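Everything below concerns the one structure shown next.
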Amino acid sequence: MAALHGQQNTFFISSSVEQEMSKHMYHSLPQEACGVVLGEAAAGGIRISRFQPIRNVAPNPLHHFSLDEEEWIRCIFNEPQLIGIFHSHPQTSPVPSNQDLMALPAYAGLIKVYLIGTPALTSTSEPQMHLNGYEIQYKVADPSKANQQKRYDLQPAQLRMT
């Protein structure tokens, strides 16, 4: 994923993948939906080419998400193009919550893309959503200190529908 280091990244997402995520989000309401996105690093960013829904097994799925462990592990080992996670915020804006940031280390070492969607009110019959993308970055508080706990951060990324 060399295209991800040292530059402002753009996530290119096909409209059909965005529609799949939106439908999954609406079918999961009022609970948070979740899944993984597949794709590849490309010149100028990342191309997201597929979405795989994963069951939300959080104890409180109305306000949190937790990927079904069996499905998540299967994706890790069977999907060579695993690049990110998608989840929804049914009641709030598509920005990372404190809970999202606390759970980030469980996923961050394996992926670079973090997508959050929220329902959008429109007059069309097709489900729509507001979608924000974030790049997962590893942060080192003090490079001179050994054995630091890994710290990850989410940086906003540009989303372009294709």
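A quick note: this is a predicted structure, and the numbers were derived from the prediction, not measured.
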Margin query: Evaluate Leu38 against Ile83 for side-chain contact (heavy atoms from CB on, under 4.5 Å), listing each step before the verdict.
Written below: CA-CA 5 Å; Leu38 305 141; Ile83 57 165; 5.5 Å; no
Next item on the list: Examine distances only and state if a side-chain atom of Thr118 and a backbone atom of Thr92 form a donor-acceptor pair shorter than 3.5 Å.
Entry: yes
Check: Taking all non-hydrogen atoms of both residues, which atom of Val17 and which atom of Ile48 are closest, and how far apart?
Finding: CG1-CG2, 4.1 Å
Margin query: If you compare all heavy atoms of Gln31 against all heavy atoms of Pro90, which two are closest, and at what distance to 0.1 Å?
Written below: O-CG, 3.5 Å
Notebook entry, point to check: What residue pairs, at least two apart or across chains, pass salt bridge (charged side-chain N to carboxylate O under 4.0 Å, His left out) with a residue in residues 77-105?
Noted result: Arg50-Glu79
Check: Under the side-chain contact (heavy atoms from CB on, under 4.5 Å) criterion, do Trp72 and Val57 qualify, and how do the steps go?
Finding: CA-CA 11 Å; Trp72 169 242; Val57 295; over 6 Å; no
Checklist line | Ile46 and Glu40: CA distance, side-chain angles, deciding distance, side-chain contact (heavy atoms from CB on, under 4.5 Å) verdict | finding: CA-CA 6 Å; Ile46 294 177; Glu40 61 191 2; over 6 Å; no
Check: Passes side-chain contact (heavy atoms from CB on, under 4.5 Å), Gln52 versus Cys75? Steps please.
Finding: CA-CA 9 Å; Gln52 176 65 50; Cys75 285; 4.2 Å; yes
Next item on the list: Classify the ring geometry between Phe86 and Phe51 as parallel (under 30°), tilted (30 to 60°) or perpendicular (over 60°).
Entry: perpendicular
Notebook entry, point to check: To the nearest 0.5 Å, what is the distance between CG (Leu62) and CG (Leu29)?
Noted result: 10.0 Å
Checklist line | Nearest atoms (heavy-atom pairs only) where His24 meets Pro53 | finding: CE1-CB, 3.5 Å
Check: When rounded to the nearest 0.5 angstrom, what is the spacing between OG in Ser66 and CG in Asn60?
Finding: 12.0 Å
Check: Could you state the interatomic distance from CZ (Phe11) to CG (Leu159), rounded to the nearest 0.5 Å?
Finding: 7.0 Å
Next item on the list: Taking Asn56 for its side chain and Glu32 for its backbone only, find out whether a donor-acceptor pair lies under 3.5 Å.
Entry: yes
Next item on the list: Verify, without hydrogens or angle tests, whether Thr10 (side chain) and Gln158 (backbone) share a donor-acceptor contact under 3.5 angstrom.
Entry: no
Checklist line | Heavy-atom closest pair, residues Val37 and Ile85 | finding: CG2-N, 4.2 Å
Note to self: Applying side-chain hydrogen bond (donor to acceptor under 3.5 Å, both in side chains), can you list everything that pairs with Gln81, at least two apart in sequence or on another chain?
What the structure shows: none
Item checked: Heavy-atom closest contact (Cys34 atom, Leu67 atom, distance) -> SG-CD2, 3.6 Å
Note to self: So, taking the atom named CG in Leu131 and the one named CG in Leu115, what distance separates them when rounded to the nearest 0.5 Å?
What the structure shows: 5.0 Å
Item checked: Approximate separation, where rounding is to 0.5 Å, of His87 NE2 and Ile116 CD1 -> 4.5 Å
Note to self: Taking CG in Asn98 as the centre, count heavy atoms belonging to other residues, nucleotides or ligands within less than 6.0 Å. Is the count above 12?
What the structure shows: no
Next item on the list: Taking all non-hydrogen atoms of both residues into account, name the closest pair between Gln99 and His64 and its distance.
Entry: CG-ND1, 3.0 Å
Notebook entry, point to check: Can you tell me how far CE of Met21 sits from OG of Ser16, rounded to the nearest 0.5 angstrom?
Noted result: 9.5 Å
Margin query: For Glu70, I'd like to know if atom CD has over 12 heavy atoms of other residues, nucleotides or ligands within 6.0 Å.
Written below: no
Notebook entry, point to check: Would one find more than 12 heavy atoms of other residues, nucleotides or ligands at under 6.0 Å from atom CD of Gln155?
Noted result: yes
Next item on the list: Please answer: with hydrophobic residues joined when any side-chain heavy atoms are less than 4.5 Å apart, are Phe65 and Tyr152 in the same cluster?
Entry: yes
Notebook entry, point to check: Hey, is the main chain of Gln128 close enough, under 3.5 Å, to the side chain of Tyr26 for a donor-acceptor pair?
Noted result: yes
Next item on the list: Check side-chain hydrogen bond (donor to acceptor under 3.5 Å, both in side chains) between Thr162 and all other residues, then give those that pass, not counting sequence neighbours.
Entry: none
Item checked: Verify same cluster id: Met102, Tyr107 (apolar side-chain graph, 4.5 Å) -> no
